[in-house]
Amino acid sequence: MQYDNSALTITSVGTPDPFVTVFRGRYYLTFTTGNRVEIWSSRSLIDIESSADRHVVWTPPQGTDHSADLWAPELHALHGRWYVYYAAANPAHGNKSHRMYVLGGPPASEDPCRGQWEFLGRIHAMQDHWAIDGTVFELNGELYFAYSGWPFDNQNDSDLIQQLFIVKLSDPTSAASPATVISTPQLEWEITREGNGTDHGINEGPQFLRSPDGGVAWQGLVFSCGGSWTHEYKMGLLKYAGGDPLDPASWRKGEEPLVQTRRHGAGPYGPGHGSFITLGDQVVAIYHATDSPTDGWDNRRARAQRVAFTRDGPYMGRSLGLDMQKYDGGLVKRMKLRLGMSGKSKAEAASEKNLRMLLGSC
């Protein structure tokens, strides 16, 4: 069967770093707002923007060391309770003060938007260094926490290198091991070159992904790389190959990106930093991307796309968007294609319809 790489846009407003959880027939979407943690809840993901109940579950007290630039919240049900993990900074010190924080919510058997939430602080016993984009997952019966951080020996607070770290947890709020580096940006497609001699090597936004067969076919981390402010933002793979997850040798990086914008494509642009949901025997990626190659950090809207699994691992078509070099017929025709007004085959239209139906209810 040919892979269907239809990518549907599910929000019209900026929803960067979208994270979706499915619970008792409802979708729960949270994303970066900057000054609060907000969760949208709806029975339909495809029209969640118009149908959602919206709940602000946490607004930090002003002037604290965690009241600025709240990034990439994630909602997890762990050990019988709901938790939200997110990065936040001290407004007096800016980006260099970003650390990971945790909120505790109602029991995991209840609607996470209906109960009380409390601030639990940083992850206990976790090493103190710049950290963002934390995510929690279970592997071999143990809890692990993966995140993006600056190197430990970064003496000058340089933001040019971001690595992926992993920590074992003793419980949802406490580290049980030192942090280990499991990925450093070294491949050409992980590097963003500014043209002035400044290169950014960025690995961030780790998300655990497991094939629907329970991980027999593949399990590991999907991460984002390149500059998130550019159309070159993309996602790569870090396969768990077995053994101790704290051992860097247990993780193997893919040689090519999982998905990126087609070089001469019509967008969306800069696909990255999302999450994955399993619906029956299908896995769907929810990530952000922009409509224009020059949008930067603006207009990062949530998109949905199927994930297939082959003998080589997860597959999302490797590239995203129409190839404009394949189309001629003048400027008007090319602009219509860019705007999605024509150029879709009946099969493509049917694929989009099927994806819409899949995301309509869970």
Side-chain angles (χ1 to χ4, degrees), residues 17 19 32 34 37 60 63-74 76 83-103 119-137 139 142-186 190-192 198-208 221 223-229 236 238 244-251 253 272-273:
D17 314 323
F19 186 88
T32 294
V37 174
T64 63
D65 62 359
H66 54 92
S67 59
D69 296 330
L70 279 64
W71 293 350
E74 293 192 4
H76 294 270
Y83 294 91
V84 167
Y85 297 82
Y86 65 101
N90 186 327
H93 299 291
N95 180 41
K96 67 180 182 181
S97 64
H98 265 111
R99 301 294 187 271
M100 288 302 308
Y101 293 89
V102 187
L103 303 176
F119 179 68
L120 301 178
R122 296 186 193 177
I123 295 178
H124 308 313
M126 181 172 157
Q127 283 145 292
D128 183 29
H129 73 133
W130 188 87
I132 64 168
D133 296 352
T135 192
V136 180
F137 56 94
L139 191 56
E142 302 284 354
L143 277 183
Y144 292 89
F145 183 76
Y147 65 97
S148 176
W150 288 345
F152 286 130
D153 60 357
N154 184 5
Q155 301 297 323
N156 300 317
D157 292 328
S158 170
D159 63 357
L160 296 183
I161 299 294
Q162 290 176 223
Q163 301 170 313
L164 295 185
F165 294 79
I166 190 170
V167 174
K168 186 177 180 181
L169 298 179
S170 58
D171 59 61
T173 63
S174 303
S177 76
T180 301
V181 177
I182 56 174
S183 180
T184 296
Q186 296 173 323
E190 297 177 282
I191 311 298
T192 293
T198 302
D199 299 337
H200 291 263
I202 296 174
N203 284 179
E204 62 184 16
Q207 288 293 310
F208 194 75
L221 292 168
F223 65 96
S224 298
C225 57
S228 60
W229 60 93
L238 201 62
D244 183 0
L246 298 176
D247 182 353
S250 297
W251 302 90
K253 187 176 295 183
H273 200 150

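Being a predicted model, the structure only gives us computed values, none of them experimental.
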query: Between the side chain of D247 and the main-chain N/O of A249, is any donor-acceptor distance below 3.5 Å?
result: yes
query: To the nearest 0.5 Å, what is the distance between OG1 (T192) and CD1 (I202)?
result: 6.0 Å
- request: Please collect all salt bridge (charged side-chain N to carboxylate O under 4.0 Å, His left out) contacts where either partner lies in residues 119-132, sequence neighbours excluded, each pair once.
  value: R99-D128, R122-D128
- request: Give a yes or no on whether the ring-centroid distance for F19 and H76 is below 6.0 angstrom.
  value: yes
task: Rounded to the nearest 0.5 Å, what's the gap from CG on N90 to OG1 on T64? Could you check?
output: 7.5 Å
- request: Looking only at non-hydrogen atoms, find the nearest pair between A146 and L221 and report the distance.
  value: CB-CD1, 4.3 Å
Salt bridge (Lys or Arg N to Asp or Glu O under 4.0 Å) partners of E74, counting only residues at least two apart: none
statement: Note: S67 and P60 closest approach over all heavy atoms is CA-CG, 3.8 Å
- prompt: Between V37 and L70, does a side-chain contact (heavy atoms from CB on, under 4.5 Å) hold up when you go through it step by step?
  reply: CA-CA 8 Å; V37 174; L70 279 64; 4.2 Å; yes
message: Which residues pass the side chain to side chain donor-acceptor pair (under 3.5 Å) test with D17, not counting sequence neighbours?
response: T32, H273
message: Tell me which pairs pass salt bridge (charged side-chain N to carboxylate O under 4.0 Å, His left out) where either residue lies in residues 150-165, with sequence neighbours left out.
response: none
Close aromatic pair by centroid cut-off 6.0 Å: F165 and F152: yes
Chi angles and distances behind the side-chain contact (heavy atoms from CB on, under 4.5 Å) call for N203, Q163: CA-CA 5 Å; N203 284 179; Q163 301 170 313; 5.9 Å; no
P172 and L143, any side-chain heavy atoms less than 4.5 Å apart: yes
message: Which residues pass the side-chain contact (heavy atoms from CB on, under 4.5 Å) test with L246, not counting sequence neighbours?
response: Y144, I166, K168, S177, T180, D244
query: What are the two closest heavy atoms between L139 and P245, and how far apart are they?
result: CD2-CG, 3.7 Å
query: Which residues pass the ring-ring contact (aromatic ring centres under 6.0 Å, His included) test with H66, sequence neighbours left out?
result: Y101, F119
statement: For G94 and A89, the nearest pair of non-hydrogen atoms, with its separation, is O-CB, 3.5 Å
message: For S170, give me all partners under side chain to side chain donor-acceptor pair (under 3.5 Å), at least two apart in sequence or on another chain.
response: none
query: Do the side chain of K253 and the main chain of T184 share a donor and acceptor less than 3.5 angstrom apart?
result: yes
statement: So OG of S174 and CD1 of I123: to nearest 0.5 Å the spacing works out to 9.0 Å
message: Working note: F223 + D133, criterion side-chain contact (heavy atoms from CB on, under 4.5 Å); need CA distance, chi angles, decisive distance, verdict.
response: CA-CA 10 Å; F223 65 96; D133 296 352; over 6 Å; no
- line: Residues at least two apart in sequence or cross-chain that pass side-chain contact (heavy atoms from CB on, under 4.5 Å) with T173, listed by chain then number, are Y83, V102, L120, H124, D171
task: With sequence neighbours left out, write down each residue that passes side-chain contact (heavy atoms from CB on, under 4.5 Å) with N95, or none if nothing qualifies.
output: W71, H98, W130, W150
message: What I want to check is whether the side chains of S224 and E204 have a donor and an acceptor closer together than 3.5 Å.
response: no
query: How would you list, by chain and number, every residue that makes a side chain to side chain donor-acceptor pair (under 3.5 Å) with S148, sequence neighbours excluded?
result: Q162
field: With S228 via side chain to side chain donor-acceptor pair (under 3.5 Å) - residues at least two apart
entry: W297
field: Residue list, side-chain contact (heavy atoms from CB on, under 4.5 Å) with A131, at least two apart or on another chain
entry: M100, M126, Y147
